[in-house]
Each structure stands twice: as structure tokens, then as C-alpha cells.
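Notes for the one structure printed next.
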Amino acid sequence: MSTAPATSSRDLPHPATGDIRLEAVLHALSDPMRLQIVRELAADGDELTCSQFVLPVTKSTSTHHFRVLREAGVIRQCYRGTAKMNGLRRDDLDDLFPGLLDALLAAAVRQAVRLGG
């Protein structure tokens with residue numbers, strides 16, 4: 001899989017749209033913490049900093065979850081000053097896998113209601 005090259009030490013590599021694989025997206029979204037991150041990004045509709053997410057895991061584990069999502073092509077990350085911004089790659093995912101993201105997000109909401117969360 002090719003990734004967009006990093007042009008400086010603060011640029012983060014992302015897969016090109018054509019290189020995003022369904023298996024990688026599904027794997028990334030199979031973890032409850034990563035699914036929660038995506039749900040929050042989808043609900044916000046804009047970019048959020050890493051610190052805006054309240055996850056019950058260590059900072060290093062949070063970093064791992066964001067990296068998995070970025071490398072799968074689910075999110076885009078960039079630095080703005082000292083903040084690392086996270087945005088959902090909704091357009092890319094919708095173009096490649098029409099309806100998939102909406103179906104997964106709706107299923108996650110139904111599951112949360114069913115489980116009382």
C-alpha cells in the first residue's frame with residue numbers, strides 16, 4: 001500500500017484514497033475505542049484535537065488507536081501549531097464504500113442503546 005509521503009518530520013503519512021482497503025477499515029473500526037473516536041468525529045462533523053477525546057486508556061494507547069485509524073485511511077491527521085488535528089475521511093470512505101460508514105455508525109448507536117451505553 002502506498003502512502004502519501006511525509007514532507008517534514010511533523011507531516012504524517014496517510015494512504016492515498018485509491019489505496020484504502022476495506023479490510024483495513026473494518027479492522028480499524030472493530031475496536032471499541034477506535035469506533036468511539038470515529039463516532040465522535042462523525043457527530044462533530046469537523047476536526048478535533050487528540051486532547052478533546054476522553055478515552056479510558058493511557059496516552060500511548062490513545063496514540064496507537066489514532067495511528068491505526070490514520071493508517072487504515074479512516075481519519076486524516078495534521079498538525080496545527082502544537083495541536084494534532086483529527087478529521088474523518090468521510091468523503092473518501094463514502095466514495096469507496098457507499099453507505100458503509102453510515103451503516104456502521106447507525107449500528108454502533110443501536111448497540112449502545114441496546115447495551116445501555
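Residues satisfying the side chain to side chain contact (heavy atoms under 4.5 Å, CB included) test with Arg90, not counting sequence neighbours, are Ala42, Leu88, Asp94, Leu101, Asp102, Leu105. Annotation: side-chain hydrogen bond (donor to acceptor under 3.5 Å, both in side chains) contacts of Gln36 (sequence neighbours excluded): Glu40. Ser60 is linked by a side chain to side chain contact (heavy atoms under 4.5 Å, CB included) to Thr58, counting only residues two or more places apart in sequence or in another chain. Every residue was checked against the salt bridge (charged side-chain N to carboxylate O under 4.0 Å, His left out) condition with Arg110, not counting sequence neighbours, and none meets it. Applying the side-chain hydrogen bond (donor to acceptor under 3.5 Å, both in side chains) criterion to His27, with sequence neighbours excluded, gives no partner residue. Not counting sequence neighbours, the partners of Arg34 by the side-chain hydrogen bond (donor to acceptor under 3.5 Å, both in side chains) test are His65. Under the side chain to side chain contact (heavy atoms under 4.5 Å, CB included) criterion, Ala83 pairs with Thr49, Met85, not counting sequence neighbours.
Interatomic distance, CD1 of Ile37 versus CD of Gln52, reported as 12.5 Å (0.5 Å rounding).
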Apply the test side chain to side chain contact (heavy atoms under 4.5 Å, CB included) to residues Leu26 and Leu104: give CA-CA distance (whole Å), side-chain angles for both, the deciding distance (0.1 Å), then the verdict.
CA-CA 10 Å; Leu26 293 175; Leu104 289 171; 4.2 Å; yes
Determine, stepwise, if the pair Leu100 / Leu93 fulfils side chain to side chain contact (heavy atoms under 4.5 Å, CB included).
CA-CA 8 Å; Leu100 177 67; Leu93 295 172; over 6 Å; no
Between Val68 and His64, is the side chain to side chain contact (heavy atoms under 4.5 Å, CB included) condition met? List the steps.
CA-CA 6 Å; Val68 170; His64 166 76; 3.5 Å; yes
Show, in sequence, the C-alpha distance, side-chain angles and deciding distance for Arg67 and Leu12, and conclude whether the side chain to side chain contact (heavy atoms under 4.5 Å, CB included) test is met.
CA-CA 9 Å; Arg67 183 178 52 79; Leu12 301 164; over 6 Å; no
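Contact between Ala28 and Val74 at its shortest, heavy atoms only, is CB-CG2, 4.3 Å. What you find for Leu41 and Ile75 is that their closest heavy atoms are CD1-CG2, 3.6 Å. Val25 and Ala72 get closest at one heavy-atom pair: CG2-O, 3.8 Å. Between Arg39 and Ala108, the closest heavy-atom pair is CD-CB, 3.7 Å.
Under a 3.5 Å cut-off, the side chain of Asp92 and the backbone N or O of Thr17 do not form any donor-acceptor pair. At distances below 3.5 Å, at least one donor-acceptor pair connects side-chain atoms of His14 with backbone N or O atoms of Gln77. The backbone N or O of Val57 sits nowhere less than 3.5 Å from a side-chain atom of Thr61 that would complete a donor-acceptor pair.
Side-chain contact between Met33 and Pro56: present, with at least one pair of heavy atoms (C-beta onward) separated by less than 4.5 Å. In this structure, Lys59 and Cys50 have side chains that are not in contact, with every pair of non-hydrogen atoms separated by 4.5 Å or more. Considering only heavy atoms from C-beta on, Cys78 comes within 4.5 Å of Glu47 through its side chain.
Pairs of residues two or more places apart, or lying in two chains, never qualify as ring pair (Phe, Tyr, Trp, His ring centres under 6.0 Å) while including a residue from residues 84-116. Under the ring pair (Phe, Tyr, Trp, His ring centres under 6.0 Å) criterion, the residue pairs touching residues 39-62 are Phe53-Phe66, with sequence neighbours excluded.
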